[in-house]
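Presented below is the structure to which this report refers.
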Amino acid sequence: MNQNLLWIKKLKFNNQDLIPAIAQDYKDGTVLMMAWMNTESIQRTLETGEAHYWSRSRGELWHKGTTSGHTQKVKELLYDCDGDTILLKVEQVGDIACHTGSRSCFFNSVRMESLILV
């Protein structure tokens with residue numbers, strides 16, 4: 001393995017060899033989406049500078065924006081203190097990250113009053 005990729009060995013992948021990856025707008029901090037990555041998608045992301053994920057439903061590597069044109073140019077890649085989550089700070093091309101056509105996948109709001117247990 002390339003010496004520059006040794007940090008990948010520190011990551012804690014789940015039993016399917018996947019790790020959650022959060023895509024965040026590098027300019028304003030908006031959380032755009034969550035997807036899964038494996039070693040191959042991480043390496044491909046590093047090689048190309050654009051986000052690649054692992055599609056669990058299709059069982060294949062997925063280059064974000066291949067069909068829509070809404071690619072993600074990775075500006076920074078970080079992993080958390082436990083090594084079990086990746087954060088990609090991205091420039092979202094076309095300003096649409098969600099397959100629904102929304103900027104962010106996180107648009108379903110829950111009223112806090114409904115969460116309070118009595």
Side-chain angles (χ1 to χ4, degrees):
M1 178 178 271
N2 180 321
Q3 293 294 310
N4 293 330
L5 300 178
L6 287 178
W7 64 271
I8 295 174
K9 291 185 178 236
K10 296 179 183 178
L11 299 177
K12 296 176 186 167
F13 294 88
N14 68 15
N15 59 2
Q16 297 172 312
D17 294 323
L18 300 174
I19 189 168
I22 305 295
Q24 179 183 40
D25 186 288
Y26 82 106
K27 286 184 182 173
D28 68 15
T30 300
V31 175
L32 300 172
M33 59 177 275
M34 178 274 177
W36 294 94
M37 296 183 92
N38 60 10
T39 303
E40 182 184 7
S41 63
I42 294 169
Q43 290 174 335
R44 190 78 178 118
T45 296
L46 295 171
E47 290 168 5
T48 66
E50 293 190 350
H52 287 73
Y53 301 104
W54 180 258
S55 172
R56 294 182 304 164
S57 60
R58 295 188 308 267
E60 64 185 17
L61 198 62
W62 159 45
H63 175 211
K64 175 70 176 149
T66 296
T67 56
S68 68
H70 300 137
T71 57
Q72 294 176 339
K73 296 181 184 211
V74 179
K75 300 297 186 179
E76 191 174 3
L77 193 151
L78 304 100
Y79 59 95
D80 74 338
C81 57
D82 295 322
D84 61 4
T85 305
I86 292 176
L87 175 65
L88 297 134
K89 293 190 178 186
V90 302
E91 174 187 345
Q92 181 63 58
V93 175
D95 207 32
I96 296 173
C98 187
H99 71 278
T100 65
S102 295
R103 177 169 192 245
S104 169
C105 293
F106 295 94
F107 54 80
N108 293 303
S109 180
V110 176
R111 290 182 23 188
M112 290 305 295
E113 307 85 58
S114 66
L115 297 178
I116 300 172
L117 301 176
V118 180

Which atom names give the shortest non-hydrogen contact between Glu50 and Val74, and what distance separates them? C-CG2, 4.1 Å
So how far is it from Arg44 CZ to Trp62 CH2, rounded to the nearest 0.5 Å? 15.5 Å
With heavy-atom distances below 4.5 Å as the criterion, would you say the side chains of Glu76 and Tyr26 are in contact? no
Under a 4.5 Å cut-off applied to non-hydrogen side-chain atoms, are Gln92 and His70 in contact? yes
Does Asp25 reach the side chain of Arg103, with side-chain heavy atoms less than 4.5 Å apart? yes
Working to the nearest 0.5 Å, report the span between OG of Ser102 and CG of Leu32. 11.5 Å
Any chance NZ of Lys75 has more than 12 other-residue heavy atoms, nucleotides or ligands included, within less than 6.0 Å? yes
Could you check whether any side-chain heavy atom of Asp17 comes within less than 4.5 Å of a side-chain heavy atom of Trp54, counting everything from C-beta outward? no
So, Gln24 side chain and Gly29 main chain: donor-acceptor pair closer than 3.5 Å or not? yes
If we ignore hydrogens and angles and just use 3.5 Å, is the side chain of Ser104 paired with the main-chain N or O of Val31 as donor and acceptor? yes
Mind checking whether Ile22 and Phe106 sit in one hydrophobic cluster, side chains of I, L, V, M, F, W, Y counted as touching below 4.5 Å? yes
Minimum heavy-atom separation for Met33 to Cys105, with atom names? CB-SG, 3.7 Å
Validation row: Ile19, Lys12 side chains within 4.5 angstrom (heavy atoms): no
Starting at NE2 of His52, measure out to CD of Glu40 and round the result to the nearest 0.5 Å. 9.5 Å
What side-chain donor-acceptor pairs closer than 3.5 Å can you find for residues 77-88, not counting sequence neighbours?
| unit_1 | atom_1 | unit_2 | atom_2 | d |
| --- | --- | --- | --- | --- |
| Asp80 | OD1 | Gly83 | N | 2.9 |
| Asp80 | OD1 | Asp84 | N | 2.9 |
| Asp80 | OD1 | Thr85 | N | 3.2 |

Close side-chain approach of Gln72 to Thr45, heavy-atom, < 4.5 Å: no
From CA spacing to verdict: side-chain contact (heavy atoms from CB on, under 4.5 Å), His63, Thr71: CA-CA 8 Å; His63 175 211; Thr71 57; 4.2 Å; yes
According to a 4.5 Å side-chain heavy-atom criterion applied to Ile, Leu, Val, Met, Phe, Trp and Tyr, with indirect links allowed, do Ile96 and Val90 form part of one hydrophobic cluster? no
Linked, directly or transitively: Ile8 and Leu18 (ILVMFWY side chains, under 4.5 Å): no
Are Met37 and Leu46 in one and the same hydrophobic cluster, where Ile, Leu, Val, Met, Phe, Trp and Tyr link if side-chain heavy atoms are under 4.5 Å apart? yes
